[in-house]
Amino acid sequence: MTKLEAGMTREEAFALLTDHNKDPFHIEHGETVEQTMRYFAREFDSENEEFWGIVGLLHDLDWEEHDDEPKKHTLYAAPLIEEAGGTPELIRAIQSHTSDFNPELPRPELQMEKILFATEELTGLIGAAVIMRPSKSVMDFEVKSLKKKFKDKRFAAGVNRDVIRSGAKMLGWELDELFDRTIKAMQSFAPDKDTFVSVES
């Protein structure tokens, strides 16, 4: 396995995130995707768990400040990450998750990039579904419930279902497998953080 260097520590990455994001939802989304990526890294690329985590933490670094320009999402982030010491590998991985918005950006190639692409929107959908449940917990959330929410396009309408489908296809996984794996990923850290902010808040 190739060792991937982020060029910054997790603490430095979090400081960068909070410099450019003040909305608790955006910070929590970054942390949720970070922990999801770490879960998958432990299965597929344990040597690079820290890198996977920092990619997840910073994947939407510029969204709060530039959400009116979706086609330029992650383009604004690149110089911020570079200035903070981030490596070209880190920037590339982050930019690959918005290649659906901007075809000039790199397409996901590494397993890590494909998982970010497939799960980033899905974690938002799961989080939105979980807070509607009586338990407000992901621990008793099941694939069949997620499938219902996925099919209901009015629910969490901002979540791009096509990106999720495309991500599953990239990974060679059926949607059910992606759903199951991502729920399990979120359950792995839910005991420490078992409430999620609404994707539509």
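Every heavy atom of this structure was used, including side-chain atoms; hydrogens, water molecules and symmetry mates were not.
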Working for side-chain contact (heavy atoms from CB on, under 4.5 Å), residues F150 and F179:
CA-CA 10 Å; F150 185 83; F179 290 172; 3.7 Å; yes
Between the CG atom in L105 and the CG atom in L75, the distance rounded to the nearest 0.5 Å is 5.0 Å
Is there a side-chain contact (heavy atoms from CB on, under 4.5 Å) between R133 and D140? Walk through the geometry before answering.
CA-CA 9 Å; R133 297 170 65 77; D140 59 358; 3.6 Å; yes
CD-CG distance between E31 and L57, expressed to the nearest 0.5 angstrom:
7.0 Å
In Å, rounded to the nearest 0.5 Å, how long is the span from CG of D176 to NZ of K144?
13.0 Å
What do the steps show when you test E50 against R10 for salt bridge (Lys or Arg N to Asp or Glu O under 4.0 Å), and what is the final call?
CA-CA 8 Å; E50 190 75 356; R10 196 270 174 193; over 6 Å; no
For the pair S166 (side chain) and D162 (backbone), establish whether a donor and an acceptor sit closer than 3.5 Å, ignoring hydrogens and angles.
no
Among H97, H59, H66, Q95, which one satisfies side-chain contact (heavy atoms from CB on, under 4.5 Å) with H73?
H97
Closest approach of T87 and E5, non-hydrogen atoms and distance?
OG1-O, 2.6 Å
Got a sec, which hydrophobics cluster with M170, joining ILVMFWY side chains under 4.5 Å apart, including via others?
F117, V163
Linked, directly or transitively: Y76 and I94 (ILVMFWY side chains, under 4.5 Å)
no
So E109 and K114, salt bridge (Lys or Arg N to Asp or Glu O under 4.0 Å) or not? Walk me through it.
CA-CA 7 Å; E109 292 177 3; K114 293 175 183 178; over 6 Å; no
Heavy-atom donor-acceptor pair, T9 side chain to E12 backbone, under 3.5 Å
yes
Regarding T182 and T119, is there a side-chain donor-to-acceptor distance under 3.5 Å anywhere?
no
For A13 and L58, the nearest pair of non-hydrogen atoms, with its separation, is O-CD2, 3.3 Å
Rounded to the nearest 0.5 Å, what separates atom CD in E34 from atom CD in E28?
12.5 Å
On a heavy-atom basis, the closest approach of R38 and G53 is CG-CA, 3.8 Å
R92/E113 ion pair, N-O < 4.0 Å
yes
Would the distance check show the side chain of K22 and the main-chain N or O of T18 forming a donor-acceptor pair, the cut-off being under 3.5 Å?
yes
Rounded to the nearest 0.5 Å, what's the gap from CG on L122 to CG on N160? Could you check?
12.0 Å
Here the pair of heavy atoms bringing F141 nearest to I183 is O-CG2, 3.8 Å
Using only atom types and a distance under 3.5 Å, with no angle test, would you say the side chain of N21 pairs donor to acceptor with the backbone of D23?
no
Atom CD of E174: over 12 foreign heavy atoms under 6.0 Å
no
Given side-chain contact (heavy atoms from CB on, under 4.5 Å), test D60 with E120 step by step and report yes or no.
CA-CA 10 Å; D60 274 353; E120 185 258 337; 3.2 Å; yes
Does the side chain of S99 come within less than 4.5 Å of P108's, by heavy atoms?
yes
Value rounded to 0.5 Å, distance of NE2 in H29 from CD in E64
12.5 Å
Is atom CD of E82 surrounded by more than 12 heavy atoms (other residues, nucleotides or ligands) closer than 6.0 Å?
no
Under a 3.5 Å distance rule, please check whether D45 uses its side chain to pair with a backbone N or O of A41 as donor and acceptor.
no
Who passes ring pair (Phe, Tyr, Trp, His ring centres under 6.0 Å) against F101, sequence neighbours left out?
none
Does NZ belonging to K151 count more than 12 external heavy atoms closer than 6.0 Å?
no
Check for me, please, whether M37 and W63 land in the same ILVMFWY cluster - side-chain distances under 4.5 Å, paths through other members count.
no
Between R181 and Y39, is any pair of side-chain heavy atoms under 4.5 Å apart?
no
Assess whether side-chain contact (heavy atoms from CB on, under 4.5 Å) is satisfied between I164 and L175, documenting all intermediate values.
CA-CA 8 Å; I164 296 170; L175 266 179; 4.0 Å; yes
Say whether M186 and M112 are linked into one hydrophobic cluster, either directly or through other cluster members, by side-chain heavy-atom distances under 4.5 angstrom.
yes
Minimum heavy-atom distance between L171 and A118, given as atom pair plus value
CD1-CB, 3.7 Å
Donor-acceptor contact below 3.5 Å, side chain K3 vs main chain E47
yes
What is the minimum heavy-atom distance between D152 and R161, and which atoms define it?
O-NH2, 2.9 Å
Is D62 salt-bridged to K72, cutoff N-O under 4.0 Å?
no
Parallel, tilted or perpendicular: which fits the ring planes of F44 and W52, with parallel below 30° and perpendicular above 60°?
parallel
